[in-house]
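As structure tokens, the structure follows; a few thoughts come after it.
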Amino acid sequence: MSQPDPFVHLPHLSGRLISCEQSLLRMTPERLALWDQRAREAGLPQTWRLSEHEREATRQAVLGRLGRDEDLWVYAYGSLMWDPGIHFVEVRLAQLEGYQRRFSYRITGGRGTPQQPALMLALEQLAGTCTGLVFRVPAPLAEHESVLLWRREMVRGGYAPRMCPVTTPQGPVCALVFAANPAHPEHVGELPLEQTAAVVASAAGPIGTNRNYLENLAAQLEILRIEDSYIEALHEQVKGLDRR
């Protein structure tokens, strides 16, 4: 029996996502060990990331009540939109009320360095709606895939994971959302657009440039016909720096 097409609702997205096999962000233990090595080489202390125990505690706090027969929906608004790094059986467009994308999380690894930090995307609680994607992870895979996802998104505890209602054209679901964590020391909030653009245009780290992240995001939003005035304005601001 053939398996259902995970892209049945978004056929134009098929072939435009990085597979788990090719993903550099599918955070297996081997991948995390590589990140640890890079952190040591950059001179960061052993406490640069959350311990396994600390990270798992946050996962259990959010997902501990998820039933063994319940699928897990994962909301995507940034890199998960083109590199989910998890196995899923369905993807839909999804709207999350009361949040907006902002480059409000300063990082010294990944796409930045301690000498030249980058700004990464987060979901800030602001009036309006954020449109993204939602992936359905089948119940038998939810435990394993969520562990990998937590290693990726909660490596330093920079986000505040929570279950939130989202609306989709196929009906409402409750999805895992990695929102901004204002209590984290690297949370900087919404900076002036010009300042944000200057950082994004120049920061780079072991997994790529800050600019490339923004370009990938803008391209995927365009493919999905999602309008986001903040991302559009920031993208234009960054491109304008090249013309000066």
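What you are looking at is a predicted structure, and each value in this text was computed from that prediction instead of being measured.
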Heavy-atom pair with the smallest gap, counting every atom of [X] and [Y]:
| X | Y | answer |
| --- | --- | --- |
| Y77 | C130 | CB-SG, 4.2 Å |
| R152 | D83 | NH1-O, 2.8 Å |
| D71 | A139 | OD1-N, 2.8 Å |
| Y213 | M120 | CE1-CE, 3.2 Å |
| A201 | V238 | CB-CG1, 4.0 Å |

Exercise for the section: Would you check, one step at a time, whether the test salt bridge (charged side-chain N to carboxylate O under 4.0 Å, His left out) holds for E222 with R225? Expected result: CA-CA 5 Å; E222 183 175 0; R225 304 180 185 90; over 6 Å; no
Practice task
Given salt bridge (charged side-chain N to carboxylate O under 4.0 Å, His left out), test E41 with R38 step by step and report yes or no.
Solution key: CA-CA 5 Å; E41 292 171 351; R38 289 171 175 168; over 6 Å; no
Handout entry: V62 side chain near M154 side chain, heavy-atom distance below 4.5 Å
Key =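 In short, these two side chains do not touch, never coming nearer than 4.5 Å.
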Handout entry: Test item: L217 and W82 side chains (from C-beta on) under 4.5 Å apart, heavy atoms
Key = yes
State whether the side chain of [X] and the backbone N or O of [Y] hold a donor-acceptor pair below 3.5 Å, judged by distance alone.
| X | Y | result |
| --- | --- | --- |
| S23 | S19 | no |
| N181 | H187 | no |
| R102 | E124 | no |
| Q100 | A127 | yes |
| Y159 | V177 | no |
| S14 | P11 | no |

Exercise for the section: Using a strict 4.0 Å threshold on nitrogen-to-oxygen distance, state whether R26 and E145 make a salt bridge. Expected result: yes
Practice task
Using a strict 4.0 Å threshold on nitrogen-to-oxygen distance, state whether R59 and E143 make a salt bridge.
Solution key: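 Yes, this pair counts.
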Practice task
Taking atom NE2 of H9 as the centre, report whether more than 12 heavy atoms of other residues, nucleotides or ligands fall under 6.0 Å from it.
Solution key: yes
Exercise for the section: Would you mind telling me which of L123, L80, L133, L176 makes a side chain to side chain contact (heavy atoms under 4.5 Å, CB included) with Y75? Expected result: L123
